[in-house]
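Notes to accompany the following structure.
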Amino acid sequence: MNAEKFAHVNFHLRSLVSVSFQFVWLSLNVWLFGKTFLLYNEGLQYYYLHQMLGLGLCISRASASVLNLNCCLVLLPMCRVLLAFLRGSQKVASKKTRRLLDKSKTFHVTCGVTIGIFSVLHVAAHLVNALNFSENYNEEFVTLNAANYRGEDPRKLLFATVPGLTGVIMVLVLFLMFTASTYAIRVSNYDIFWYTHNLFFVFYMLLMLHVSGGVLKYQTNLEEHPPGCFNPNKTLRQNLTVPKAFEELFPDYTTESFPEDLPVPEPFVQNSFMRVCSEEPKFQSHFPETWFWISGPLCLYCVERLYRYIRSNKPVTITAVISHPSNVLEVRMMKDDFEARPGQYVILHCPRVSALESHPFTLTMCPTDTKATFGVHLKVVGDWTERFRDLLLLHSNQDTEILPIFQQRRYPKDGWKCYKLRRLYFIWVCRDIESFRWFADLLCMLHNKLWQENRPDYINIQLYLSQTDGIQKIIGEKYQALNSRLLIGRPRWKLLFDDIAKCNRRKTVGVFCCGPNKISKILHKLSNSSNSYGTRFEYNKESFS
């Protein structure tokens, strides 16, 4: 197999798991919608309700089934401890499957968007249903009606009933959550996004009340009363005309139904086109199926949140707070029994900054056997980081709760164990020269150490300055090694990948991206593309899911 075919096969294998998962999820949504639509459109138990509500009944119930599924699934990607356990479990030995777990946030967003779309469809269908309940009030089947009389104001059904009122409030909650989840609001004021997103608990409580109203009912006695059957007693009472003079002489006279022991007259005998009813139809509300869908994931998420709170209840000791250029803060901490590996991250939660808000940060210093200190670098770019910085710089002895996403477990043998790191390409793109300064000392220290160990080619450092008015340098004699590696403009990624592939023929190169989605997509595409050198690129994106 030549190199090009090998790269294409590898690309298809890496995409198979993700595509298969998307296909299963999409198929479940389509199957639930279609199955429920046909049930309410053709099911005999919904014959009379369908006559009253029409297509609105089918669409409202079909969209509700899709909402049940996605309200169930949307919580699972947020169970971080569970995902971390699965990542480190021996039962999940495939790298492709664990990478799929890293995309849990994307799946969460997908389910959320689906909930928004089908909520609009569900609300529109129920608005039509409310109008039909009022206009098509059925005096024969009083218990089937949601309205109290024909022509009742449909707004009463929306604001004066439990299902209607809870539905209106849920729409408002969803509107707040969706608008606050937009990129513009998340960037400008993350607090708004965080606090409105925690309204999900209110949404789920309202959802449980919403489905308990029992407005839509089904017929229970199909054997005794086949839908559309002929009721002879009712027909005789309606069609029999009593002379007026007879009514005046016998005012208490009423038309009696046929005795049970007498045969029904010949015109009313059951035939192949019509069945005879033996009793009036009986209707009953469904047990709320939504409870079955959401109770498990909701309880699981609540248990995990409680577990996270208990596990992070022991505060850490902040050993050092270092202010770097470009508004970068380095925080070094210690915590008993805390273990982590390079590349993992922690979630910082500081109650004095925010009672609920917390943020993930990649570990830039991990604890070792001889030193228990670990640390993170954070850039001050928002309200939370600003308050956190002010708190630390003004009161350096404050306690901060740390929740490590990864506990040290038996990590599966994932295929990377057989590889040995031979060379590291470090490519960093920044807009201005100041953005390099906070990390310059560490890079220079690493560069000098490798030179002393006679391994100068172990790391290849390339710094790109994307916006500049002229040639600039990182000020300081000790940064001379970095100045020679400072380039103006943006990387030519295709040429860079070709050069790396040429230098590493028929080898595996791990690509690790930490940056905006635009660059991530470019690198992902190049990693999956073929090359003539037989080099395989394994793409990895920094994920805080």
Full working for side-chain contact (heavy atoms from CB on, under 4.5 Å) between Phe537 and Asn531: CA-CA 10 Å; Phe537 290 93; Asn531 60 79; 4.0 Å; yes
- prompt: Hey, does the side chain of Asn528 reach the backbone of His524 with a donor-acceptor pair shorter than 3.5 angstrom?
  reply: yes
query: Are any non-hydrogen side-chain atoms of Lys379 and Ser326 less than 4.5 angstrom apart?
result: yes
Distance-only donor-acceptor check, side chains Tyr195 and Ser354, under 3.5 Å: yes
message: Quiz question: by atom type and distance under 3.5 Å, do the side chains of Thr535 and Asn504 form a donor-acceptor pair?
response: no
message: Could you check whether Lys494 pairs with Asp498 (Lys NZ or Arg NE/NH1/NH2 to Asp/Glu carboxylate O, under 4.0 Å)?
response: yes
query: Which atom pair, heavy atoms only, marks the closest approach of Val66 to Asn29?
result: CG1-OD1, 3.2 Å
CZ/Phe426: more than 12 non-hydrogen atoms of other groups inside 6.0 Å: yes
Residue pair Thr364 / His377, side-chain donor-acceptor N/O under 3.5 Å: yes
message: Cation-pi check for Tyr183 against Arg186: NZ or CZ below 6.0 Å from the six-membered ring centre and within 45 degrees of the axis, yes or no?
response: no
task: Compare all side-chain heavy atoms of Ser520 with those of Tyr539 and state whether any distance is below 4.5 angstrom.
output: yes
Nearest-0.5 Å distance, CZ of residue Arg422 to CG of residue Asp457: 14.0 Å
- request: Evaluate whether atom CZ of Arg455 has more than 12 neighbouring non-hydrogen atoms of other residues, nucleotides or ligands under 6.0 angstrom away.
  value: yes
- prompt: Should Ser529 and Phe497 count as side-chain neighbours, where that means a heavy-atom distance under 4.5 Å?
  reply: no
statement: CD1 of Ile459 to NE2 of His447, rounded to nearest 0.5 Å, is 9.0 Å
message: Test side-chain contact (heavy atoms from CB on, under 4.5 Å) on Trp493 and Leu523; report intermediate values, then the result.
response: CA-CA 8 Å; Trp493 295 112; Leu523 299 184; 3.6 Å; yes
- request: Could you point out which residue of Leu86, Leu300, Val303 forms a side chain to side chain contact (heavy atoms under 4.5 Å, CB included) with Cys79?
  value: Leu300
- request: Give the intermediate values and the outcome of side-chain contact (heavy atoms from CB on, under 4.5 Å) for residues Val81 and Arg308.
  value: CA-CA 8 Å; Val81 175; Arg308 280 195 237 166; 3.8 Å; yes
message: Go through it in stages, so that I can follow the logic: the residues are Phe200 and Tyr301, the test is ring-ring contact (aromatic ring centres under 6.0 Å, His included), and I'd like the CA-CA distance, side-chain angles, deciding distance and then a yes or no.
response: CA-CA 12 Å; Phe200 81 94; Tyr301 182 79; 5.4 Å; yes
query: Does Ser466 use its side chain to pair, donor to acceptor, with the backbone of Cys430 at less than 3.5 Å?
result: yes
- request: Determine whether more than 12 heavy atoms belonging to other residues, nucleotides or ligands lie under 6.0 Å from atom CD of Glu289.
  value: no
field: Under 3.5 Å: donor-acceptor pair, side chain of His108, backbone of Val74
entry: yes
- prompt: What heavy-atom pair brings Tyr425 and Cys503 nearest, and what distance separates the two atoms?
  reply: OH-CB, 4.2 Å
message: Any heavy-atom pair between the side chains of Leu392 and Val331 that's under 4.5 Å?
response: yes
- request: Check for a donor-acceptor pair, side chain of Asp499 on one end and backbone N or O of Leu495 on the other, with a separation under 3.5 Å.
  value: no
- prompt: What are the two closest heavy atoms between Lys541 and Gly515, and how far apart are they?
  reply: NZ-O, 3.5 Å
- prompt: Should Leu67 and Trp293 count as side-chain neighbours, where that means a heavy-atom distance under 4.5 Å?
  reply: no
message: What verdict does the side-chain contact (heavy atoms from CB on, under 4.5 Å) test give for Leu482 and Leu443, after you've listed the backbone C-alpha separation in whole Å, the side-chain angles of each residue and the deciding distance to 0.1 Å?
response: CA-CA 8 Å; Leu482 297 184; Leu443 287 178; 4.0 Å; yes
message: Any donor-acceptor pair under 3.5 Å linking the side-chain atoms of Trp25 with those of Asn70?
response: yes
- line: Of Phe361, Tyr345, Phe338, the one forming a ring pair (Phe, Tyr, Trp, His ring centres under 6.0 Å) with Phe374 is Phe338
statement: Between Leu32 and Ser65, the two heavy atoms sitting closest are O-OG, 3.4 Å
- prompt: Should the pair Trp384 and Phe388 be assigned to parallel (<30°), tilted (30 to 60°) or perpendicular (>60°) ring geometry?
  reply: parallel
task: Would you mind reporting whether Arg80 and Ile347 have side-chain heavy atoms less than 4.5 Å apart?
output: yes
task: Answer whether the closest heavy-atom distance between the side chains of Asn540 and Val511 falls below 4.5 Å.
output: no
message: Nearest 0.5 Å, please: how far is CZ in Phe203 from NE2 in His210?
response: 9.0 Å
statement: Exactly one of Thr362, Leu329, Leu348 clears side chain to side chain contact (heavy atoms under 4.5 Å, CB included) with Val376, and that residue is Leu348
query: Given Phe118 and His122, is the ring-ring contact (aromatic ring centres under 6.0 Å, His included) satisfied, shown in steps?
result: CA-CA 6 Å; Phe118 280 89; His122 186 72; over 10 Å; no
- prompt: What's the spacing between Thr36 OG1 and Arg61 CZ if we round to 0.5 Å?
  reply: 8.0 Å
query: Quick one: does Glu304's side chain have a donor or acceptor within less than 3.5 Å of a partner on Leu82's backbone?
result: yes
field: Where Met334 and Ala372 come nearest, the two heavy atoms and their spacing
entry: CE-CB, 3.9 Å
message: Minimum heavy-atom separation for Met177 and His197, please, with both atom names.
response: CE-O, 3.8 Å
task: Check whether any side-chain heavy atom of Leu378 sits under 4.5 Å from a side-chain heavy atom of Val328, and report yes or no.
output: no
query: About how many Å separate CG of Leu465 and CH2 of Trp428, when rounded to the nearest 0.5 Å?
result: 11.5 Å
query: How many angstroms lie between CG in Leu73 and CD1 in Ile294, if you round to the nearest 0.5 Å?
result: 12.5 Å
